[in-house]
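What follows is a set of notes on a single structure, which appears directly below.
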Amino acid sequence: MTAPRKTASARGYEILGPDFYLDRTDRVARRLLGCVVLRVFADRVLANAARADVVLAGRIVETEAYFASGDPACHAHRGRTERNRMMFERGGVAYVYFTYGNHHLLNVVTGPEGRPAAVLIRALEPVEGLGLMRAHRPGRSDTQLTSGPGKLTQALAVGKELNGADLTDSPLMIAAAQSSGRNGPRFRIGRSGRIGIREAQDRLARFYIAGNPHVSVRPRE
DNA sequence: ACTCCGATTGGCT
DNA sequence: GCCAATCGGAGTA
């Protein structure tokens with residue numbers, strides 16, 4: 001077990017196991033809502049000169065599914081390339097890619113090896129490490145910290161070096177939703193076409209926590 | 001080798 | 001609401 005994973009467990013996070021990611025992509029996209037993305041920086045020197053891991057945490061409030069077959073918007077639609085090769089791995093690793101000359105986008109690979117599918121993490125609600133997130137995004141209000149796919153990677157310092165990271169045991173992990181009440185977290189799930197995508201708007205592959213202020217785009221009615 | 005353009009963001013009208 | 005920034009991936013305009 002890596003040091004980041006030990007730190008996360010010690011803080012009470014239940015890291016999702018590999019099986020979570022082997023379900024159908026749209027189901028994983030839906031079930032990820034409420035789960036917590038953890039970015040762990042090992043052994044930082046703190047102000048008081050003590051050394052300890054630093055944890056940034058954000059609750060997932062918006063996701064988008066990209067399917068292994070029949071989805072022209074999926075990066076792997078035309079086959080395997082150097083950029084999209086992580087999508088062909090077994091579910092449970094990160095697929096991070098660079099776009100628009102500025103932004104890294106974070107995806108969660110799903111399904112068995114050889115079936116290129118993934119879930120884009122589109123927005124988070126900041127939970128832990130707000131100070132460092134603000135430092136990563138100077139001048140932004142707290143609702144602007146992680147309310148978009150490019151914003152959240154900046155706030156959590158997720159770059160291409162985390163492409164392929166094992167989400168069950170690495171500096172980038174995902175923990176189960178904090179259960180509030182015996183039936184777990186309760187929220188209404190909204191659904192729409194994907195943002196910034198022209199094709200297959202009838203797919204309704206975007207999922208979000210209705211009414212959450214950190215969701216990137218209000219539904220267009 | 002070259003062109004086109006994007007799973008976005010932030011600034012300006 | 002509109003549009004420039006910015007650059008590497010992907011297909012060949």
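Treat the numbers as computed from the prediction; the structure is a model and nothing was measured. To find a chain, count down the sequence lines: A is the first, B the second, and so on, and within it residues start at 1.
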Between Thr2(A) and the options Thr7(A), Asp169(A), Asp166(A), the side chain to side chain donor-acceptor pair (under 3.5 Å) test singles out Asp169(A)
Tell me the interatomic distance from Arg194(A), atom CZ, to dG6(B), atom C1', rounded to whole angstroms. 14 Å
For dG1(C), which nucleotide is its Watson-Crick or G-U wobble mate, given both distances must be under 3.5 Å? dC12(B)
Is it the case that more than 12 heavy atoms not belonging to Arg78(A) sit under 6.0 Å from its CZ atom? no
Here the distance between atom P of dA7(B) and atom CG of Asn163(A), to the nearest Å, is 16 Å
Among dT9(B), dA7(B), dC7(C), find the nucleotide with the atom closest to the side chain of Phe98(A). dC7(C)
Answer yes or no for this row: Tyr100(A) ring on dA5(C) base, centroids under 5.5 Å, planes under 30°. no
Contact class for Arg83(A) vs. all strands (heavy atom < 4.0 Å): base, sugar-phosphate, or nothing? sugar-phosphate
Rounded to whole angstroms, how far apart are CD on Gln154(A) and P on dT9(B)? 10 Å
For the base of dA7(B), is there a side-chain donor-acceptor partner from His103(A) under 3.5 Å away? no
Arg140(A) side chain, from C-beta outward: closest of dG11(B), dT6(C), dG6(B): dG11(B)
Measure CZ/Arg78(A) against C1'/dC4(B) and give the value in whole Å, please. 13 Å
Separation of Leu106(A) atom CG from dA7(B) atom C1', in whole Å? 12 Å
Taking only side-chain N and O atoms of Thr99(A), does any of them lie within less than 4.0 angstrom of OP1 or OP2 on dT8(B)? no
Under 4.0 Å from OP1 or OP2 of dA7(B): is there any side-chain N or O of Arg198(A) that close? no
Any side-chain heavy atom of Phe20(A) within less than 4.5 Å of one from Val28(A)? yes
Counting only side-chain N and O atoms of Arg122(A), is one of them less than 4.0 Å from OP1 or OP2 of dT8(B)? yes
I'd like to know whether CD of Glu161(A) has more than 12 heavy-atom contacts from other residues, nucleotides or ligands below 6.0 angstrom. yes
Just the rounded figure in Å: distance from P of dT9(B) to NE2 of His104(A). 13 Å
